[in-house]
Amino acid sequence: MNDTTKILVLIPCYNEEANIVEAVERLRRTCPQVDFLVINDCSTDRSVELLKAHRYPYLDLPVNLGIGGGIQCGYVYSHANGYDITVQMDGDGQHDPAYLENIVRPVAEGRLDMCIGSRFITKEGFQTSFMRRVGIHVLSAMIFLLCGKRVKDVTSGFRATNARMTAYFAKHYAADYPEPEAILAACLAGFRVGEAAVVMQERHGGVSSINAVKSVYYMVKVSLSLVIDRLSIKPAAHARRKRSSS
């Protein structure tokens with residue numbers, strides 16, 4: 001990274017009063033050169049009070065859009081304000097900004113359009129629960145079958161995109177649990193997607209929105225969505241390849 005690269009970190013926030021201040025302050029200490037934007041998705045706890053009290057820049061969504069809709073708003077903002085690289089980083093403290101350069105560098109150097117922070121490359125730090133790891137491996141296999149791209153940590157929300165990928169996501173982004181679908185959509189549209197090693201931590205406070213029952217629902221829904229996406233995005237991917245070869 002160089003001093004002229006404009007980087008925006010998007011931090012989704014839904015009822016993260018136990019984590020959001022620590023997450024933002026750790027980012028500011030570790031990466032003072034980047035801008036950040038917290039996206040408050042209609043939190044019902046004290047999250048907004050904390051954002052105001054600390055004078056953090058944030059978007060206050062008028063209706064709850066879910067993680068996909070909220071992050072897409074962030075991509076729209078980043079694209080409209082001319083950022084070179086957009087980073088997505090969770091507000092629950094699991095993503096360590098010390099590894100932000102790992103995912104930004106391949107994008108900044110022009111090797112990738114999107115780089116995903118993967119906990120499964122070095123297998124250090126928090127590896128999530130056994131059942132979730134099984135689900136992640138299943139979704140990884142599905143994405144490989146549907147587009148031929150092997151991505152290990154398909155549900156990781158720690159990722160960086162260049163301006164072209166950001167512009168695409170500003171217009172095309174899954175609304176609900178979007179991380180695996182975004183990978184498939186990007187690959188089918190001809191973008192270069194890869195991974196870089198990161199170390200994640202357990203959630204510092206609060207409760208995850210995905211429990212054991214929701215994990216099963218998540219697997220079924222995302223699996224079906226990936227198949228539908230593959231069928232619907234195929235013509236666009238073909239047209240893109242045709243333009244690239246002409």
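Using modelled atom types, one side-chain atom of D41 and one backbone atom of G66 make a donor-acceptor pair closer than 3.5 Å. Not a single donor-acceptor pair under 3.5 Å links the side chain of R119 to the backbone N or O of Q201. For S232 (side chain) and D229 (main-chain N/O), a donor-acceptor pair under 3.5 Å exists by modelled atom type. The main-chain N or O of V193 is found under 3.5 Å from a side-chain atom of K149 such that the two form a donor-acceptor pair. With hydrogens and angles ignored, the 3.5 Å screen pairs a side-chain donor or acceptor of H54 with a backbone N or O of L50. Checked by atom type and distance alone, the side chain of R55 never pairs as donor or acceptor with a backbone atom of K52 at under 3.5 Å. Side chain of T30 to backbone of P97: no donor-acceptor contact under 3.5 angstrom is found. Using a distance-only test at 3.5 Å, with no hydrogens or angles considered, a donor-acceptor pair links the side chain of S223 to the main chain of M219. No donor-acceptor pair under 3.5 Å is formed between the side chain of N15 and the backbone N or O of S43. For D96 (side chain) and Y99 (main-chain N/O), no donor-acceptor pair under 3.5 Å exists by modelled atom type.
With contacts defined as side-chain heavy-atom distances shorter than 4.5 Å, the pair P180/I143 qualifies. Between I103 and V87, the closest side-chain pair of non-hydrogen atoms falls below 4.5 Å. Side-chain contact between I7 and V104 is present, with at least one heavy-atom pair separated by less than 4.5 Å. R29 has its side chain within reach of R26: a pair of non-hydrogen atoms, C-beta onward, lies under 4.5 Å apart. Annotation: side chain of Y77 is in contact with side chain of L8 (closest heavy-atom distance under 4.5 Å). R159 has its side chain within reach of I183: a pair of non-hydrogen atoms, C-beta onward, lies under 4.5 Å apart. I20 places a side-chain heavy atom less than 4.5 Å from the side chain of V38. Between I71 and F169 there is no side-chain heavy-atom pair separated by less than 4.5 Å.
By the 6.0 Å contact criterion, NZ on K221 is enclosed, its count of non-hydrogen atoms from other residues, nucleotides or ligands being greater than 12.
Every residue meeting the ring-ring contact (aromatic ring centres under 6.0 Å, His included) condition with F158, not counting sequence neighbours, appears here in chain and number order: H95. Contacts of P106 classified as side chain to side chain contact (heavy atoms under 4.5 Å, CB included), with partners at least two apart in sequence or in another chain: R111, L112, C115. Under the side chain to side chain donor-acceptor pair (under 3.5 Å) criterion, T161 pairs with T166, sequence neighbours left out. Scored by the side chain to side chain donor-acceptor pair (under 3.5 Å) test, D45 finds S47 as partners (sequence neighbours excluded). Under the rule for a ring-ring contact (aromatic ring centres under 6.0 Å, His included), the partners of F36 that lie at least two apart in sequence or sit in another chain are Y56.
A pairwise comparison of heavy atoms in L184 and C147 identifies CD1-CB, 3.7 Å as the closest pair. Smallest separation of non-hydrogen atoms from N40 and L51: CB-CD1, 4.2 Å. Smallest separation of non-hydrogen atoms from M89 and P12: O-CD, 3.3 Å. What you find for A182 and M114 is that their closest heavy atoms are O-CE, 4.2 Å. Of all heavy-atom pairs spanning L61 and G70, the tightest one is CD1-CA, 3.8 Å.
The hydrophobic clustering, which links ILVMFWY residues whose side-chain heavy atoms are closer than 4.5 Å, places V76 and M165 apart. Residues Y173 and V63 are members of one and the same hydrophobic cluster, defined by side-chain heavy-atom contacts under 4.5 angstrom among Ile, Leu, Val, Met, Phe, Trp and Tyr. Note on V138 and L145: separate hydrophobic clusters, where clusters join Ile, Leu, Val, Met, Phe, Trp and Tyr whose side-chain heavy atoms are under 4.5 Å apart, directly or indirectly. Hydrophobic clustering (ILVMFWY, side-chain heavy atoms < 4.5 Å, transitive): I136 and I121 are in distinct clusters. Linking ILVMFWY residues whenever their side-chain heavy atoms come closer than 4.5 Å, directly or via other members, leaves V227 and F144 in distinct clusters.
Residues E16 and N19 have side chains that bring a donor and an acceptor to within less than 3.5 angstrom of each other. Side chains of D35 and Y83: a donor on one and an acceptor on the other come within 3.5 Å.
Residue pairs meeting the side-chain hydrogen bond (donor to acceptor under 3.5 Å, both in side chains) criterion with at least one partner in residues 184-199, sequence neighbours excluded, are D113-R192, S118-E195.
Distance check, rounded to the nearest 0.5 Å: NE2 of H137 to CG of D153 gives 9.5 Å.
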